[in-house]
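Below, all heavy atoms of this structure are taken into account, side chains as well, without hydrogens, waters or symmetry copies. Nothing fancy with the numbering, it's 1 onward along the sequence. First listed ligand is number 1; within each ligand, the first listed atom is number 1.
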Amino acid sequence: MIKIVILGAGNVAKHLYTAFCNNKSAEVVQCYNRKGLQLSSDQKENTIIKDLSSIKEADIYILAVSDDAISEVSALLPFRNRLVVHTSGSVPMDTIDNAHRKGVFYPLQTFSKDKSVDFSKVPFCLEAVNTSDLKILKNLASTLSEKTYDISSEQRNILHVSAVFVNNFTNYLFSVGNDICKEHKIPFEILHPLILETAEKATKINPDLAQTGPAIRNDSETIKRHSKIVTNPLQQEIYLTLTKAIQSKYGKKL
Ligand SMILES: NC(=O)c1ccc[n+]([C@@H]2O[C@H](COP(=O)([O-])OP(=O)(O)OC[C@H]3O[C@@H](n4cnc5c(N)ncnc54)[C@H](OP(=O)(O)O)[C@@H]3O)[C@@H](O)[C@H]2O)c1
């Protein structure tokens, strides 16, 4: 049984807690967060601490805190030479305080508190200073997921930039689509099948081959009509910038 302490009470901490609670090979022995919050409604009060001085012994300490707090919280841990990992996509492993055996346990997925996630499909990007610690992390990740990868801090940062494009920016564009529908009182759900097909297709064929729409077709009259409908100046700028980007990538002219 791998003993875990989770630090933090945000999206990732809560999802990992729930996943480990349903896991026979790992046990969350304690959770730390500075407000003393439960990570799930059935979590026992005596497993939550808001003072690091009473932290229990464990095999792995998972710092699921904001990127900027990783260094600070790791430096506050009142022990030395234990395995301390963070869950960030972009923070170098070295950011963890030198008192500890360092590692990274990065689940490459988007986590929000009200949406459950199937961990068996979540790729875990793992890194550790020691090979024996990497093995421990692989064992732990394999209890949750079919996919584990040895990824250096440098590679993880690159993956994270890519993830910002495919998830954060795409989701922002979904929200713009939603705003435009709302403004014109059209149900956004009409676009749901398109959203799903877009994501599905990008995983089945090269995204370059999946590009469709007025920009790649060079339908300039349609583009003009669209830019009149998009009245919000920032959204209009995004529409024209992305149109230009598509046309320059595929050799068309605006
Ligand atoms: N959300 C995702 O989709 C996702 C996916 C993969 C990886 N990650 C990574 O996972 C980590 C956590 O992300 P998240 O989305 O779970 O963040 P989050 O929901 O914003 O939660 C952040 C947690 O960090 C705690 N925290 C912040 N500063 C602290 C400090 N100085 N001392 C102690 N605790 C502090 C917060 O506590 P308070 O409430 O007290 O401020 C909160 O519990 C980040 O490294 C992120 O890059 C996130």
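Evaluated by nearest non-hydrogen atom to atom 25 (C) of ligand 1, the leading choice among Val65, Val117, Thr110 is Val65.
The shell of residues lying under 4.0 angstrom from ligand 1, judged by heavy atoms, includes Gln109. For Asp67, the heavy-atom gap to ligand 1 drops under 4.0 angstrom.
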* To do: Start with the C-alpha gap between Tyr61 and Ile4, add the side-chain angles, then the distance that decides, and say whether side-chain contact (heavy atoms from CB on, under 4.5 Å) holds.
  => CA-CA 6 Å; Tyr61 295 80; Ile4 303 164; over 6 Å; no
* **Step-by-step side-chain contact (heavy atoms from CB on, under 4.5 Å) determination, Val85 to Leu83** => CA-CA 7 Å; Val85 301; Leu83 180 54; 4.1 Å; yes
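Exactly one of Asp133, Asp150, Thr148 qualifies for a side chain to side chain donor-acceptor pair (under 3.5 Å) with Lys138. That residue is Asp150.
Between Lys50 and Asn33, the closest side-chain pair of non-hydrogen atoms is not below 4.5 Å.
Using cut-offs of 30° and 60° for the angle between ring planes, the Phe119 and Phe124 rings count as parallel.
In this structure, atom 36 (C) of ligand 1 is not in close contact with the protein, since no protein heavy atom lies within 4.0 Å of it. Within the 4.0 angstrom cut-off, atom 45 (O) of ligand 1 has one or more protein heavy-atom neighbours. The nearest protein heavy atom to atom 17 (O) of ligand 1 is not closer than 4.0 Å.
Between Asn11 and ligand 1, a contact under 3.5 Å exists for at least one N or O pair.
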